[in-house]
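Here's the structure, in structure tokens; my notes come after.
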There are 2 protein chains.
Amino acid sequence: MKITYKSDYALKTILDLALNYHNGVVTLHDLAKRLDIPVNFLEQILIALKNGGFVKSRRGKTGGYLLARHPSQIKIGEVIRLIEGSIDPIACVHRGYKGCRDLYKCVFREVWQGVESATSNIIDNVTFEDLVNKTRLAKESLMYSI
Amino acid sequence: MKITYKSDYALKTILDLALNYHNGVVTLHDLAKRLDIPVNFLEQILIALKNGGFVKSRRGKTGGYLLARHPSQIKIGEVIRLIEGSIDPIACVHRGYKGCRDLYKCVFREVWQGVESATSNIIDNVTFEDLVNKTRLAKESLMYSI
DNA sequence: ACTATCTATAGTGATATAGTAGAGTATACA
DNA sequence: TGTATACTCTACTATATCACTATAGATAGT
């Protein structure tokens, strides 16, 4: 798995919307400013997130974005898969991978499958509710420490 | 982690040399032909493997390559790290990563570190001796089944 | 000397990444 | 009804990485 800026931004965007889950919509502009992401780039990401069913939008003067589901119902693995397309460490099976014409393939493929399932096991067990709680805890302990 | 053709080829090359561990040197040409890798590309990979201490070479007419260590002393994680440079799913810490100026970083970084250590746990526990045994077993069962 | 081998470095086409730019559409509100 | 403010959509571009390709040179056995 590789996390590009695109999915990194997507995850941060969902987290921001999760933190504002009870505050109504958030505008593209606010998101971009707060998360330090180029507006036009974030725009494309939000459309992808919308098409993926993670986000809803409202147009016009009081418009903006909001989560389509409760933070507890969104796992970070889902978002990554939407943006990155896949989780595999190697394109053994899919796409026109042209190595492996003989049995060498087998001994390594088991390893890659192990890596993939270990990765899935982590990212499919973290919800944005978890992350919201963690974020709030971090913020609190920061305040007490000052 | 992402496995490119380069590290895929490197791993297959080490496995081939491991299978021939008691047969003396193997030439670049033979490796390239047997593994179906472009000669000039494999050349570069072998030099990297040599500089990494995995492979030794002999020049001249009876020259070729051989493993610098016993197959049981080479883990696939070591080879991947040499060729890919790193195992991280995201360049959070190293290289000029320019996201994360505030605490958003923390909640995700834990996840990436989890993925990294789960991955390491797999690839640092598979030696080329393991793979040689698996390859031989696969070859045997193939013969019996015919 | 000759030839088969490894060594080293520079170049190249294709694709992916991370943006930019700009025209268009919908909605609230005066 | 007009206009400001938001989202929507498509096309373009600079840079880097990937997967090679090319070529000149060094070394060692016969």
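Chain identifiers are assigned alphabetically (A, B, ...) following the order of the sequence lines, protein sequences preceding nucleic acid strands; residue numbering begins at 1 within each chain. Computed from heavy atoms alone, side chains included, the values below leave out hydrogens, waters and symmetry copies.
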- Rounded to whole Å, the CG-P distance (A:L46 to D:dA6) equals 15 Å
- Message: Rounding to an integer number of Å, can you tell me how far A:K2 NZ sits from C:dA18 C1'?
- Response: 11 Å
- Note on the structure: Between CD of B:E84 and P of D:dT17 the distance, given in whole Å, is 13 Å
- A:Y9 side chain near C:dT17 phosphate (N/O to OP1/OP2, under 4.0 Å): no
- Message: Classify the ring geometry of A:F108 against A:W112: parallel below 30°, tilted from 30° to 60°, perpendicular beyond 60°.
- Response: parallel
- Query: Between A:D124 and A:G77, which heavy-atom pair has the shortest distance, and what is it?
  - Reply: OD1-CA, 3.4 Å
- Message: Could you check whether B:H29 and B:T27, counting side-chain N and O atoms only, form a donor-acceptor pair closer than 3.5 Å?
- Response: no
- Message: What's B:K56 touching, base or sugar-phosphate or nothing? Going by heavy atoms closer than 4.0 Å.
- Response: nothing
- If each of A:S57 and B:K6 is mapped to the nucleotide of DNA chain D with the nearest heavy atom, which maps nearer the 5' terminus, i.e. the 5' end? A:S57
- Listed nucleotide nearest any side-chain atom of B:P38, set D:dC20, C:dT5, C:dG19: D:dC20
- Task: Nearest whole angstrom, please: distance from the P of C:dT3 to the NE2 of B:H29.
- Result: 18 Å
N/O contacts under 3.5 Å, protein versus nucleotides 22-29 of chain D?
from: D:dA22; atom 1: N7; to: B:N40; atom 2: ND2; distance (Å): 3.1
from: D:dT27; atom 1: O4'; to: B:R59; atom 2: NE; distance (Å): 2.9
from: D:dT27; atom 1: O4'; to: B:R59; atom 2: NH2; distance (Å): 3.2

- Who passes side-chain contact (heavy atoms from CB on, under 4.5 Å) against B:I122, sequence neighbours left out? A:V111, A:V115, A:A118
- Query: Between C:dT7 and B:Y65, is there an OP1 or OP2 to side-chain N/O distance shorter than 4.0 Å?
  - Reply: yes
- Task: For A:F41 and D:dA11, give me the distance from atom CZ to atom P, rounded to whole Å.
- Result: 18 Å
- Does a side-chain heavy-atom distance below 4.5 Å link B:F128 with B:L67? no
- Message: Taking A:H70's backbone N and O only, do any of them form a donor-acceptor pair with A:Q73's side chain (distance below 3.5 Å, no angle check)?
- Response: no
- Message: Checking side-chain hydrogen bond (donor to acceptor under 3.5 Å, both in side chains) between A:S7 and each of A:R81, A:K2, A:K12, A:E84, which is the one that passes?
- Response: A:E84
- Query: Once you round it to whole Å, what is the distance between P of C:dT25 and CD1 of A:I47?
  - Reply: 14 Å
- Message: Just the rounded figure in Å: distance from C1' of C:dA18 to CG of A:L35.
- Response: 17 Å
- Message: Without decimals, in angstroms, what is the distance between B:N51 CG and C:dA8 P?
- Response: 7 Å
